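Encoded as structure tokens, the structure appears first; notes follow it.
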Amino acid sequence: MAIVERLVDLILWPPLFYYIIFPGLIFVMIFEIFLIWSERKIAGRVQMRYGPLEIAPRLAGAPQLLADLIRYALQEVIIPRTVDKLPFVIAPIAAFVIALMPLIVTPFSPTFLPVTTEGSILIAAALTTIPPLLLILAGWASNNKFSLVGSARESFLIATYEIIILLVIASMSFLYGTLDFLKAVEVQQALLWGILLNPIAAITYFVAVMMGTSRFPFEIAEAESEIVMGAFTEYSGIMFGLAMGISYARMFVYNIIFVLLFLGGWSPLGGIVTGNYILDSIILPGASVAIKAVLISLLMVFTRAVYGRYRIDHALKGGWGFWFIMALVSIGLSAAVVYLMEVF
Amino acid sequence: MSQQSQILTRRLDKDILEVFIGPQHPGSGHMRIILRVDGDIIVEAEPDIGFVHRTMEKLAEGREWVKNQPLFERMAILDAANCTLGYIMAIEKLLGIEPPPRAKYIRTILAELNRIASHLYGMGIFAILLGHSTMYMWFFGDREVFVELAERLTGQRLTHSFFWPGGVRRDLPSGFKDELEKGIKYFEKRLKEYEVMFLKNPVIRSRLEGVGYISRQKAAELGIVGPNIRASGIRHDVRIEEPYAAYPELDFEVPIYKEGDALARTLQRVDELRESLKILRQAVNRIPEGPILHERYLKMFTKVLKDVLETEKRVKLAPALFNLRPPKGEAYARVEAGRGEYFYYVVSDGQNKPYRVRVVSPSFRNSIVFKYVLPGHRVADLPAIYGSIDYFPPEADR
Amino acid sequence: MAETTPGPRYSERSIEERMGLLDKAKMHAKALSLGMLRLARPQRITLRYPMERPVLSEGYRGMIVLNNDKCIGCSLCARVCPAAAMKMFNAAPKKLRPVINYERCIFCGYCVDICPVEALYHVPVHDLVFENRDDMVFDLETFTKEPEEPEHVRKVKVVIDEEKGLRYVPVDSE
Ligand code: SF4
Ligand code: SF4
């Protein structure tokens, strides 16, 4: 039995558990499978049909995504002769890995976090900006006109949504007076959830994230009817599956940040004390963060059923002409709230 | 760089990229549009059609007259009644006969069912080109109602082959009127939802407003037809200009928009759907009693044929119809189909096969738009323009 | 009679003004709430086809069956067939009979309509599966037999409905 104990210890060894299981790779995988399935189900319900169903109709077609994954995994990965091989192969893999990196500083409970730092918000915000650059690289390396156009569009969009996201995050850290997620959540628990303190910031962040993770109506960099698959036109097999997963992984990370900044982090479940360490410090708070993040993600994928896609110049115009201003307004609002808090 | 990793290139102007949209592209039909783009702006567009050319006109010369009906309906299978009606009408002109009133009404009913189905199909493709998957499903789902109605009338969902020279093949089935009424009521409700989801959806609006503008003058110059020209402010509808079937007796409006952009074309089509519902309603209510085939052929019916007509309301193909030998001469007919005007010109040399059949299909006329309207737009506008023109390659290529 | 009807005519219409910011917000909200409504109360028209089969409408132009006793061997059906799917052959000396090739048939129903003795008729089946292409060329024996309906599938009747568009009402077999 010693082996079993050793194994359990190994699995629960915090770094391993954190990176591989929750909220790391495995959890993100499950999250993606669930999210893509529910995206298709939601779209199906709105669109007078069932969505995935034929594989296990009793489970409402839930294993469909697993089946797709298996197919991707077994498909040949074609690397065209004309691509620049090294960046072509590395870009999506690196993008996926880096997309998950912000998780090293996002706490899931006051005690469950691998790296304690004063600047966790800053680090997370900085890390989220890297994957899109790799997408541009992927498109550039593909040596395909559609990929090129996709990359170009992505690079236009980055400039827009990153600034908005960063401004909104800045406005929230200004409001909470900290650059640390832990303190931000503490302030929210003491005061009010961020979404109530600064609703403009919340909405702006929400839209900017949709823009950043190519959700409808901002699914511009992959617009199928225009540029086939954007930067990933030349990918096939598991590489394609991975490339598809990047935007969902990024959405997940962004939404974790959303939960921590606007939705009170691990409250309300985090407050329950049962005496069991694992239950108290991981499962309950972790679950409340994750569930909130999933709900926000579901809301984001729901828009697929309602919108078409914008043209790139509309998105840019909307981004710079409206949401950028909203982001500035949200900073003003934060200042007002801070002032009010000091007065009272 | 190794020799292997070079791709063939052709010199273009500096900074001009040549992009081939189609024929294997998720956003093109069976056609190719060669774009030359400067950054994101199209500077030149070359519609390259002909990928589904099937030599229909030549094939038609080797077949007996009625046998060409199933052939021609394969031009635009989703608009089968409208695109074969012209051919049948041209034959009738050669023969010098007119179908009886009831047959005319039935033709009108099927033509309008087809028009609705065809518009819905076109707009469904349009919606998915704009990335709106819900409207794609909704348009296609609701189209099913009309396809189902057409099936009850003709016995086939799409390839109706429903006309005989001088009449139609079947009478209205019993209970058709109520079913049609139900379908119309359902669709009227849905039209309101389309408005919210698609026509007034700000995202779709911003994609369509001012995009693909065709001025009145340009539309006339290019000679485009159908909803596209009516959205550019030109009054042209064969149903009014050269009335056929039961149209002159029905009360409906043909909407004309002046704006000439993709939005106007879309709204024009939706308005036409409304008018089609009006036509259908009137047609089933006013349909006169009477024969559904010209008496010249009814007289030749044997007992078996008459029995079938009486009991099953099915007009059998009298051998005389099959062995049709229209007198020497030529005739033409025009029909307003979903995508515009079909023009048939047939020549008979007195044989049992046509000497020549010339078809001018609306999509063929509209294909020119790509060349003159796309330049100056963004690449992202291509789907909006392509979809709003409602171009259907098999129809253009014949 | 209805003399008052104005008949077909053109009517000039125009697009209303571009939407302002408030209108846009309103339409966004409307579209989203319509989507939510449909999410909560889906209105599906999917027919789960292989598991459920629709009863085809009366007079559906489905597969064709020959009534061998009625046929007089006049060859009209083979002559009229626009797809050259029907061919005559000598079933016995002086006894011509048609056979059909479903690889070519386009279900136009011309053959059924031209037969002077009603020897051909449609059956409401359109979806037989063949294991190879040779099986699609029927011989006299298969051509005179009605194709069997698959069992253990639910049969549904397609009803046009004011609320849902199409509704599928199960038909209780027996
Ligand atoms: S249905 Fe048409 S294609 Fe088929 S055999 Fe009969 S005539 Fe030929
Ligand atoms: S038309 Fe009828 S009677 Fe004549 S050969 Fe064909 S099936 Fe027999």
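None of these values were measured; they are calculated from a predicted model. So that the names make sense, note that chain A is the first sequence line, chain B the second, and so on, each numbered from 1.
- Aromatic pair B:F139/B:Y121: centroids not less than 6.0 angstrom apart.
- The CD atom of A:E76 lies 14.0 Å from the CD1 atom of A:I238; values are rounded to the nearest 0.5 Å.
- The aromatic rings of A:F31 and A:F252 sit tilted, their planes meeting at an angle between 30° and 60°.
- Contacts of B:L130 with chain A are made by backbone atoms alone, with heavy-atom separations under 4.5 Å and no side-chain atom involved.
- Ring centroids of B:F146 and B:F187 are separated by less than 6.0 Å, placing the two rings close together.
- Only the side chain of B:R378 comes within contact range of chain A, with heavy atoms under 4.5 Å apart.
- Of the two parts of A:R304, the backbone and the side chain both hold a non-hydrogen atom closer than 4.5 Å to a non-hydrogen atom of chain B.
- In this structure, no portion of A:D84 lies under 4.5 Å from any heavy atom of chain B.
- When A:R49, A:E219, A:K145 are compared by the number of non-hydrogen pairs under 4.5 Å with chain B, A:K145 comes out ahead.
- Pairs engaging residues 114-140 of chain B under the salt bridge (Lys or Arg N to Asp or Glu O under 4.0 Å) rule: B:E112-B:R115 [sequence neighbours left out].
- The contact between A:A305 and chain B is made by backbone and side chain atoms together, counting heavy-atom distances below 4.5 Å.
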